[in-house]
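Bear in mind the structure is a predicted one, so any value in this text is a computation, not a measurement. Counting begins at 1 with the first residue of the sequence.
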Amino acid sequence: LFRSRPPASVTVPAGATSVGFIIDTSTVSTPQTAAIAASYSGSSLQATLTVNSSPLVASFVVRSPTKGNGACLFGPQTNEADCILDGSNSSGNISSYFWTYAIGNNTLTRAGADPQVSLDISTRCSFFDGGRGGDAADGKYVQMTVTLQVADRAGNRSATASQAVRMYPNRLCGFNY
């Protein structure tokens, strides 16, 4: 239910032709309108107030307890990793989070209402097929790309946020590192 609460009265200083004031409104998922009116000395004016939803902005961090931010350690099973995809810093009237994670041409998706999810690697070892590797101070890794898009109840979607994430194979799936 949309509500707006303008102040009970507003004082326009002598000689001024306008004054700013705050109208408290409820949060909305789609644009809502309300009529506002003002009167003085027998004259009145009316205007329409339009309240828009907050813009949707996707923002996230990938956290691994063993490898730190921006990384995942594969395992202990071949359908999981130790990292959390955390979209809690996204903003707007969010009802859904749409995640993708990809290595090479292998892309997996996950959607839901929770801003924090763990990786679910349903394709197991074949997820690494076609991936490219790299070296870091803490070991060799396979490059993974993670994206997030958020949506509101009306179906509006944010721009896509994307990050390169290091996936450490943990000597699984035939990797020797």
Tell me, with the steps shown, if Phe74 and Phe128 meet ring-ring contact (aromatic ring centres under 6.0 Å, His included).
CA-CA 11 Å; Phe74 190 55; Phe128 288 94; 4.8 Å; yes
Taking every non-hydrogen atom, the tightest pair across Ser158 and Leu56:
CB-O, 3.4 Å
Restricting to non-hydrogen atoms, name the atom on Leu119 and the atom on Met144 that form the minimum distance, rounded to 0.1 Å.
CD1-CE, 4.0 Å
Minimum side-chain heavy-atom gap Asn69-Val62 below 4.5 Å:
no
Could you list the residues that satisfy side-chain hydrogen bond (donor to acceptor under 3.5 Å, both in side chains) with Asn93, not counting sequence neighbours?
none
Flag, side chain of Ser90 to backbone of Ser59, donor-acceptor distance under 3.5 Å:
yes
Using the ring of each side chain (for Trp, its six-membered ring), is Phe175 parallel, tilted or perpendicular to Tyr177, with breaks at 30° and 60°?
perpendicular
Is there a path of hydrophobic side-chain contacts, each under 4.5 Å between heavy atoms, that joins Ile36 and Val19?
yes
I'd like to know if the side chain of Arg110 and the backbone of Ser118 have a donor-acceptor N/O pair within less than 3.5 Å.
yes
Minimum side-chain heavy-atom gap Asp120-Tyr101 below 4.5 Å
yes
May I have the step-by-step check of side chain to side chain contact (heavy atoms under 4.5 Å, CB included) for Asn79 and Ser122, ending in yes or no?
CA-CA 6 Å; Asn79 65 338; Ser122 59; over 6 Å; no
Could you tell me whether the side chain of Trp99 reaches within less than 4.5 Å of the side chain of Val146, counting heavy atoms only?
yes
Can you check whether Val12 reaches Ser18 side chain to side chain, under 4.5 Å on heavy atoms?
no
Distance, nearest 0.5 Å, that separates CG of Asn106 from OG of Ser126:
6.0 Å
Flag the pair Arg157 / Asp152 as yes when at least one side-chain heavy-atom distance between them is below 4.5 Å, and no otherwise.
no
Taking all non-hydrogen atoms of both residues, which atom of Pro76 and which atom of Glu80 are closest, and how far apart?
CD-OE2, 3.0 Å
Within-4.5 Å side-chain heavy-atom neighbours: Val51 and Pro31:
no
Side chain to side chain, Lys67 and Asp138, heavy atoms closer than 4.5 Å:
yes
Would you mind listing every salt bridge (Lys or Arg N to Asp or Glu O under 4.0 Å) that reaches into residues 38-54, with sequence neighbours excluded?
none
With a 6.0 Å cut-off (strictly less than), is the heavy-atom count around CG of Asp114, excluding the residue itself, greater than 12?
yes
Considering all heavy atoms of both residues, which atom of Ala151 and which atom of Phe98 are nearest to each other, and what is their separation?
CB-CE1, 3.7 Å
How would you list, by chain and number, every residue that makes a side chain to side chain contact (heavy atoms under 4.5 Å, CB included) with Thr107, sequence neighbours excluded?
Thr100, Ala102
For Phe21, which residues count as a side chain to side chain contact (heavy atoms under 4.5 Å, CB included) partner, sequence neighbours excluded?
Pro7, Val10, Ile23
Considering all heavy atoms, the nearest Ser54-Gly92 contact:
CB-CA, 3.9 Å
Distance (rounded to the nearest 0.5 Å) between Cys72 SG and Ile121 CD1
7.5 Å
Applying salt bridge (Lys or Arg N to Asp or Glu O under 4.0 Å) as the test, list every pair that has at least one member in residues 83-101; sequence neighbours left out.
Arg63-Asp86
Cluster overlap Leu108 with Tyr97, hydrophobic side-chain contacts below 4.5 Å
yes
Which atom pair, heavy atoms only, marks the closest approach of Ile103 to Gln143?
CG1-O, 3.6 Å
If you measure from CD1 on Ile94 to CD on Gln149, what distance do you get to the nearest 0.5 Å?
11.5 Å
Suppose the criterion is salt bridge (Lys or Arg N to Asp or Glu O under 4.0 Å): which pairs have a residue in residues 25-35, not counting sequence neighbours?
none
For the side chain of Gln46 and the backbone of Ala37, is there at least one donor-acceptor N/O pair under 3.5 Å apart?
no
Of Asp82, Leu73, Thr66, which meets side chain to side chain contact (heavy atoms under 4.5 Å, CB included) against Tyr168?
Leu73
Atom pair OG1/CZ of Thr25 and Arg5 - distance to nearest 0.5 Å
9.0 Å
Min side-chain heavy-atom separation Phe60-Asn89 under 4.5 Å:
no
Rounded to the nearest 0.5 Å, the CZ atom of Arg166 sits from the OG atom of Ser64 at a distance of 12.5 Å
